[in-house]
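Throughout, a chain's letter reflects where its sequence line sits, starting with A, and its residues are numbered from 1. The basis for the numbers below is simple: all heavy atoms, side chains too, and nothing from hydrogens, waters or symmetry mates.
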Amino acid sequence: MDSPDSSFYSRPTKVVARELLGKTLVRLIVNTMGQLTRISGIIVETEAYGFRDDPASHAYRGLTLRNNAMFGGIGRAYVYFTYGNHFCVNVTARSHEIKAGAVLIRALQPLEGIDLMKCFRKTDNLLSLTSGPGKVTQALNITRALNEEDMTNIKSKLHIEFGIDVFDIVTTRRIGITRALDKTWRFVVGHGEPTGYLNRYASRKQIKV
DNA sequence: TCGATGATTGAG
DNA sequence: TCAATCATCGAA
């Protein structure tokens, strides 16, 4: 078993969000030579989004066309388009008594296929490659076509594999939302000091670390 | 149908 | 600090 199975995702969404840190997000693509290649990174930042208890969640008001994946099978991808520019990728996860839930993957430590990431991102700046939810999807070429992909299957074009143990985990408020600001459902690998990214939000938006 | 909004990013 | 940019959703 190389990949967390459905039992991993059938737990409270914020528990899964925390434990996804250190796992590997893997994108399988066919290159120009017709060979299967891997683009991957260690998950270093996540956020949990819930159901009726979470006004910031897409699932808060119930099932819609967009959020269908959040109500469907667990361990699936929930990919959505936002701000007219960007895709964001989640993994669906929730305990049995909850009807919807997903974990937003906000940042990676680039691991495999870094040249391809640079190509998709149109930049050589390593620090800017996957340091944000819109950057992650761009670097891994994740679009709506991968919505509801089975993330527990190592053969899937988009899936999650076991990775490394992480020890320093920071918990903060979630980024870029206007509601449910009290919930500390964001999880970041590190000591709390500045990756430039964490620092950007910590200083400008007064995120409690 | 229509207007407001957004789980963002990059440039100034 | 701000514009880009458009799919989605709830209200009309």
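- Put simply, OH on A:Tyr80 is 18 Å from P on B:dT5, counting in whole angstrom units.
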For DNA chain C, what is the dot-bracket line, given that a base pair needs Watson-Crick (N1 to N3, plus N6-O4 or O6-N4) or G-U wobble (N1-O2 and O6-N3) geometry with both distances under 3.5 Å, and | means paired with another strand? ||||.||||||.
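- Here A:Arg121 lies in heavy-atom contact (under 4.0 Å) with sugar-phosphate atoms only.
- The number of heavy-atom neighbours closer than 6.0 Å to CZ of A:Phe81, taken from other residues, nucleotides and ligands shown, is above 12.
- As a whole-Å value, the separation of A:Ile142 CD1 from B:dA7 C1' is 15 Å.
- Taking atom CZ on A:Arg179 and atom P on B:dG6, their separation rounds to 7 Å, with Å as the unit.
- Rounded to an integer number of Å, the gap from A:Leu181 CG to B:dG6 P is 11 Å.
- Judged purely by atom type and a 3.5 angstrom limit, A:Thr13 has no side-chain atom pairing as donor or acceptor with the backbone of A:Gly50.
- At whole-Å resolution of the value, NE2 in A:His86 and P in B:dT5 are 19 Å apart.
- Looking at heavy-atom distances under 4.0 Å, A:Tyr83 makes contact with a base.
- Contacts between residues 47-76 of chain A and DNA chain C, counted as heavy-atom distances below 4.0 Å, involve A:Arg61, A:Thr64, A:Arg66.
- Ion pair A:Arg38/A:Glu161 flagged as a salt bridge, since at least one NZ, NE, NH1 or NH2 atom sits closer than 4.0 Å to an Asp/Glu carboxylate oxygen.
- Taking all atoms of both residues into account, the shortest heavy-atom contact from A:Val91 to A:Ile160 is CG2-CD1, 3.5 Å.
- A centroid separation of less than 6.0 Å is found between the aromatic rings of A:His58 and A:Tyr80.
- If you check the side chains of A:Asn125 and A:Thr123, you find no donor sitting under 3.5 Å from an acceptor.
- A:Leu65 CG: 12 or fewer foreign heavy atoms inside a 6.0 Å radius.
- With rounding to whole Å, A:Asn85 atom CG is found 10 Å from B:dG10 atom P.
- What separates CZ of A:Phe87 from C1' of B:dG6 is a distance of 15 Å, to the nearest Å.
- With rounding to whole Å, A:Leu104 atom CG is found 11 Å from B:dT8 atom C1'.
- Other residues, nucleotides and ligands contribute more than 12 heavy atoms inside 6.0 Å of the NZ atom of A:Lys183.
- For A:Thr178, a side-chain nitrogen or oxygen approaches OP1 or OP2 of B:dG6 to under 4.0 Å.
- In this model, the phosphate group of B:dT8 is approached by a side-chain N or O of A:Arg106 to a distance below 4.0 Å at OP1 or OP2.
- By the 4.0 Å N-to-carboxylate-O rule, A:Glu149 lies too far from A:Arg76 to be salt-bridged with it.
- For A:Lys135 and B:dG10, the shortest distance from a side-chain N or O to OP1 or OP2 is below 4.0 Å.
- Residue A:Ile177 is in sugar-phosphate contact alone, with no base atom involved, counting any heavy-atom pair closer than 4.0 Å across all strands shown.
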